[in-house]
A.B. asks: 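Pasting a structure here, questions to come.
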Amino acid sequence: MGFVEQAVAAEMAQWAGFGQAGIDAKKIVENLSAPPKVEMGDLAFGTFRLAKELGAKPPELAAKFAATGKPGKLLSEVKAAGPYINLKLSRAEVTKLVLEEVERTSAGAQPKDWRYGASESGRGKTLVIDLSSPNIAKPLAVHHLRSTMIGYSIKKIRESQGWRVVGVNHLGDWGTGFGKLIAGLKKYFPDVEKRANAGDPRPLGDMSVQTLNETYARFNNESKGDDELVEAGKNEFALLEQYIEVLIGGTQAATGKAGEANFRIWQHARDISLSEFERMYAHLGLSFHLWPVVDLQLGRVLTSEPEAFYREHCLYIGESYYVAAEDLCRRIIADATANRVAEESEKAIVIYTHGKDRPPLMLVKNDGATSYHVRDLAAALYRHRHWQADELTYVVGGEQKWHFEQLFKALELMGHGFSKNCSHTEFGLMLFQQADGKWQKTSTRRGTAIMLEDLLDEAIKSVREIMVQKNPELANSPEGEKTAHAVGVGAVVFNDLKNGRRNNVKFDWDAVLDFEGESGPYMLYQYVRMGSVTEKFREVHGEPDFDNGDAGLLALDEEWRIVKLIAEFPEAVAKASAEFEPSIVARKLVEIASAASSWWTATKDTRIVGDNRELSLARVRLVNAIRRTLGRGLLLLGMQPVERM
RNA sequence: GUCCCGGUAGCUCAGUAGGAUAGAGCGGCGGUUUCCUAAACCGCAGGUCAGAGGUUCGAAUCCUCUCCGGGACGCCA
């Protein structure tokens with residue numbers, strides 16, 4: 001419960017009825033809720049649970065307690081209503097309490113300085129969050145937005161609760177697929193092999209990610225039913241994986257130059273992919289660094305302020321890291337086999353996590369290559385050890401739920417108790433309408449996906465068109481392009497985060513580009529309005545001195561509604577943090593923005609800023625709290641507030 | 001076939017540690033702008049909370065079954 005409820009409960013704990021029954025403030029808070037209709041009151045105390053404990057009838061209990069209740073500083077009216085005690089609050093006192101709380105936590109002029117809704121509940125604890133995790137050699141498509149933004153928002157939200165959060169981009173940069181890619185490159189682009197053999201560190205030249213993806217797709221298609229090509233792909237990956245033995249301290253294996261050449265091709269494909277990913281992440285306002293973080297001039301970048309570093313940046317740790325730079329995979333396979341957790345089956349090494357009648361988790365495939373399961377196990381151990389992670393979560397689509405159940409079970413079987421602190425933050429699929437009208441998931445490899453960059457470009461373009469109409473001055477100013485970018489990207493991000501993450505998303509251009517109602521632009525618009533009306537106050541009455549703003553002058557129902565919603569914000573953030581659910585924050589912001597917008601219209605006659613300085617000051621003080629709450633919330637969702645639009 | 005996730009207004013969704021008369025946005029209809037941004041606001045219409053049982057003083061919320069949609073089911077990750 002929020003700070004207002006706690007203050008009210010402390011007052012109620014003084015009632016004789018509660019004192020006699022031994023009911024303290026904590027217990028009172030647990031039974032407070034909002035009545036269904038505002039006319040009934042601001043809070044309701046339900047007696048159902050207490051009645052059961054005390055063996056009394058709820059209405060009688062409510063009447064008994066209410067009889068000893070009396071108005072106090074925060075409570076203005078107490079009334080028994082059946083099994084409930086309906087409570088009305090002193091608007092002036094509670095408004096003052098809420099405004100002071102926002103002001104206390106949100107000093108400073110910039111949204112990044114605002115901390116309203118923060119808590120220390122996670123102090124000293126570390127969460128490692130697996131987010132985004134695209135595959136290299138494939139462009140980022142719209143469905144990658146989900147893991148990226150849900151994950152990033154969760155990171156921000158957890159940090160607001162005092163957690164140290166390490167964001168890890170678990171790049172899909174290893175696996176038999178890359179054998180196919182290399183085989184395809186060698187087959188269709190003979191120069192690539194030549195350059196790689198000659199030791200050129202950029203054997204792919206200026207090849208784009210799109211070309212890499214097409215090459216893979218072409219080879220994959222052609223190899224269907226062609227055993228020779230399938231074998232070629234497997235061989236190329238085997239050479240790559242064997243070459244790794246050299247890197248982690250073994251001797252030059254039989255792979256010779258071919259392994260080294262494959263490694264070069266792979267590494268260049270990875271570099272090409274990362275630079276494209278970087279461009280997209282920059283659009284979204286995220287920053288990633290390759291792990292381990294090394295700066296050629298300064299040595300390790302992380303040296304002085306690792307905490308600040310983890311707050312500002314996320315890390316790329318590709319799957320290859322656990323194969324090529326650490327020998328965790330090898331050790332896991334050896335340990336699991338030695339401890340008889342793993343066994344051989346159909347020439348593969350597997351763990352039967354859920355009994356023999358369910359598919360096992362696979363460590364090594366029948367061709368001797370590691371599977372992604374073993375790399376995920378290695379990653380989990382690494383994260384737990386390296387960052388002393390208290391919790392570990394994977395922001396990955398719900399279709400992989402079974403994989404994570406197996407993964408966590410395997411960790412448990414291998415004796416790693418922290419498996420109980422691992423979770424799968426699953427989210428719904430992005431579905432696309434097919435020619436036959438059915439909604440289905442898409443595949444980058446089939447080339448049916450919509451590119452993330454195209455979506456962002458389209459959104460920015462639409463914003464620009466609207467801005468030319470609504471605010472031509474801004475549209476033509478240097479700030480215009482930056483604003484269009486922030487609003488366009490914000491529209492896409494908010495659209496993705498506003499609903500519960502488990503819902504499937506039916507991708508619909510019209511819906512994403514609809515900037516009215518519960519949309520990103522709407523949220524930003526209300527934020528902008530709060531800024532411009534504050535500016536108006538400065539023009540008319542000078543710099544606002546909020547300390548002198550009299551909360552008692554805020555007599556409108558709309559104002560009271562806003563105050564109550566703002567008071568609920570910290571709880572919403574705490575709940576979003578506990579449930580890994582950014583939409584809880586998004587929903588609360590919608591309510592606040594919408595209430596603020598109604599208020600804006602309701603004050604059309606008197607104006608928020610009018611001739612009466614006293615009233616204007618009180619209102620602008622509320623405006624300030626709205627603006628800080630909205631700004632803070634948008635930042636938690638990974639959006640960038642703008643000052644004009 | 002087995003196992004997951006979901007089904008709430010025409011559409012997209014909130015609401016689930018059980019609690020008072022189930023709420024938004026979009027779409028539809030009707031209104032609001034000499035004044036702080038109308039990307040806005042106000043009003044009206046629209047519901048067997050998929051269906052059937054059960055638990056309970058009380059169920060959209062918990063349990064069972066059925067139906068519908070999506071997903072996963074050893075060598076892609």
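Each chain gets a letter, A, B and so on, in the order the sequences are listed, and its residues count up from 1. Everything numeric here is computed off the predicted structure, so don't read it as measured data.
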A.B. asks: Scan A:S583 against the nucleic acid and name what it touches under 4.0 Å (heavy atoms): base, sugar-phosphate only, or nothing.
C.D. replies: nothing

A.B. asks: Could you tell me whether A:Y522 and A:F515 have their ring centroids closer than 6.0 angstrom?
C.D. replies: no

A.B. asks: So which nucleotide does B:U64 pair with, by the Watson-Crick or G-U wobble rule with both distances under 3.5 Å?
C.D. replies: B:A52

A.B. asks: Roughly, in whole Å, what's the span from CG in A:L181 to P in B:A77?
C.D. replies: 13 Å

A.B. asks: Could you check which nucleotide pairs with B:G30 in any of the strands shown, counting Watson-Crick or G-U wobble with both distances under 3.5 Å?
C.D. replies: B:C42

A.B. asks: Using a heavy-atom cut-off of 4.0 Å across all strands, would you classify A:N86 as base, sugar-phosphate, or nothing?
C.D. replies: base

A.B. asks: A:W402 on top of B:A72's base, within under 5.5 Å and under 30°?
C.D. replies: no

A.B. asks: With rounding to the closest Å, how many angstrom separate the P atoms on B:U61 and B:A22?
C.D. replies: 14 Å

A.B. asks: Between A:S147 and A:S132, is there a side-chain donor-acceptor contact under 3.5 Å, judged purely by atom types and distance?
C.D. replies: no

A.B. asks: Tell me whether the side-chain N/O atoms of A:T176 come closer than 4.0 Å to OP1 or OP2 in B:A77.
C.D. replies: yes

A.B. asks: Report yes or no: do A:E558 and A:W600 form a side-chain donor-acceptor pair below 3.5 Å?
C.D. replies: no

A.B. asks: Answer with yes or no whether the side chains of A:T176 and A:K365 bring together a donor and an acceptor at under 3.5 Å.
C.D. replies: yes

A.B. asks: Given B:A77, is OP1 or OP2 found less than 4.0 Å from the side-chain N or O atoms of A:K365?
C.D. replies: yes

A.B. asks: Using a 4.0 Å heavy-atom cut-off, does A:Q400 contact any base of the nucleic acid, only the sugar-phosphate backbone, or nothing at all?
C.D. replies: base

A.B. asks: How long is the line joining CD of A:Q406 and P of B:A72, in whole Å?
C.D. replies: 14 Å

A.B. asks: So what does A:L429 touch, heavy atoms closer than 4.0 Å: a base, only the sugar-phosphate, or nothing?
C.D. replies: sugar-phosphate

A.B. asks: What does A:G398 touch in the nucleic acid at a heavy-atom separation under 4.0 angstrom: a base, only the sugar-phosphate, or nothing?
C.D. replies: nothing

A.B. asks: Return the value, rounded to whole Å, for the distance between atom CD of A:E518 and atom C1' of B:A14.
C.D. replies: 8 Å

A.B. asks: What distance, rounded to whole Å, do you find between the two C1' atoms, one in B:A20 and one in B:C3?
C.D. replies: 40 Å

A.B. asks: Can you find a side chain N or O atom of A:N503 that sits less than 4.0 Å from OP1 or OP2 on B:A14?
C.D. replies: yes

A.B. asks: Counting any heavy atom closer than 4.0 Å, what does A:P360 reach on the DNA or RNA strands: base, sugar-phosphate only, or nothing?
C.D. replies: base

A.B. asks: For B:U16 versus B:C62, give the span between their P atoms, rounded off to a whole number of Å.
C.D. replies: 10 Å

A.B. asks: Between B:A60 and B:C29, how many Å separate the two P atoms, rounded to a whole number?
C.D. replies: 34 Å

A.B. asks: Between the side chains of A:E343 and A:Y352, does any donor sit under 3.5 Å from an acceptor?
C.D. replies: no

A.B. asks: Could you tell me whether A:G610 contacts a base, only the sugar-phosphate backbone, or nothing, with contacts defined as non-hydrogen atoms closer than 4.0 Å?
C.D. replies: nothing

A.B. asks: With C1' as the reference atom in both, quote the distance from B:A14 to B:G47 in angstrom, rounded to an integer.
C.D. replies: 15 Å

A.B. asks: Looking at B:A38, I'd like to know if its phosphate oxygens (OP1 or OP2) sit under 4.0 Å from a side-chain N or O belonging to A:W600.
C.D. replies: yes

A.B. asks: Output yes when at least one side-chain N/O atom of A:R529 is less than 4.0 Å from OP1 or OP2 of B:A38, else no.
C.D. replies: yes

A.B. asks: For the pair A:W402 and A:H354, name the ring-plane relationship: parallel under 30°, tilted 30 to 60°, perpendicular over 60°.
C.D. replies: tilted

A.B. asks: Establish, with yes or no, whether the OP1 or OP2 oxygen of B:G74 is under 4.0 angstrom from a side-chain nitrogen or oxygen of A:K347.
C.D. replies: no

A.B. asks: Find which nucleotide of RNA chain B each of A:Y352 and A:F515 is nearest to by heavy atoms, and output the residue with the more 5' nucleotide.
C.D. replies: A:F515

A.B. asks: So, OP1 or OP2 of B:C41: does either fall under 4.0 Å of a side-chain N or O from A:Y522?
C.D. replies: yes

A.B. asks: Reckon A:T601 has a side-chain N or O less than 4.0 Å from the OP1 or OP2 of B:A38?
C.D. replies: no

A.B. asks: Say you pick atom C1' in B:C5 and the same atom in B:G43; how far apart are they, in whole Å?
C.D. replies: 39 Å

A.B. asks: Classify the side chain of A:N499 and the base of B:C13 as holding, or not holding, a donor-acceptor pair under 3.5 Å.
C.D. replies: no

A.B. asks: Can you measure A:H354 atom NE2 to B:C3 atom C1' for me and round it to whole angstrom units?
C.D. replies: 10 Å

A.B. asks: Can you tell me how far P in B:C11 sits from the matching atom in B:G28, rounded to whole Å?
C.D. replies: 15 Å

A.B. asks: Looking across every strand, which nucleic acid part, if any, lies under 4.0 Å from A:R358 by heavy atom: base, sugar-phosphate, or nothing?
C.D. replies: sugar-phosphate

A.B. asks: When we call it a touch if two heavy atoms are under 4.0 Å apart, what does A:V590 touch: a base, just sugar-phosphate, or nothing?
C.D. replies: nothing

A.B. asks: Counting the atoms with a prime plus P, OP1 and OP2 as sugar-phosphate, which does A:A602 contact under 4.0 Å by heavy atoms, base, sugar-phosphate, or nothing?
C.D. replies: nothing

A.B. asks: If you assign each of A:V350 and A:L474 to its closest nucleotide in RNA chain B, which residue comes earlier from the 5' end?
C.D. replies: A:L474

A.B. asks: Across all strands shown, which nucleotide pairs with B:U2 by Watson-Crick or G-U wobble geometry, both distances under 3.5 Å?
C.D. replies: B:A72

A.B. asks: Hey, does A:K180 reach any base, or is it just sugar-phosphate, or nothing, if we go heavy atoms under 4.0 Å?
C.D. replies: nothing

A.B. asks: Below 4.0 angstrom, N of the basic side chain to O of the carboxylate: do A:K27 and A:E53 qualify?
C.D. replies: yes

A.B. asks: Please state whether the phosphate of B:C75, meaning OP1 or OP2, lies under 4.0 angstrom from any side-chain nitrogen or oxygen of A:S371.
C.D. replies: no

A.B. asks: Just N and O in the side chain of A:K401: are any of them under 4.0 Å from OP1 or OP2 of B:C73?
C.D. replies: no

A.B. asks: When you compare B:G46 with B:G1, how far apart are their C1' atoms, in angstrom units rounded to a whole number?
C.D. replies: 42 Å

A.B. asks: So, does A:K506 get its side chain near the phosphate of B:U12, meaning an N or O under 4.0 Å from OP1 or OP2?
C.D. replies: yes

A.B. asks: Any N or O donor-acceptor pair under 3.5 Å from the base of B:G74 to the side chain of A:S345?
C.D. replies: yes

A.B. asks: Evaluate the side-chain proximity of A:I349 to A:M362: yes if any heavy-atom separation is below 4.5 Å, no if none is.
C.D. replies: no

A.B. asks: Assign A:E539 to base, sugar-phosphate, or nothing according to its heavy-atom contacts below 4.0 angstrom with the strands shown.
C.D. replies: nothing

A.B. asks: Taking the six-membered ring for Trp and the single ring otherwise, decide whether the centroids of A:F432 and A:F507 are under 6.0 Å apart.
C.D. replies: yes

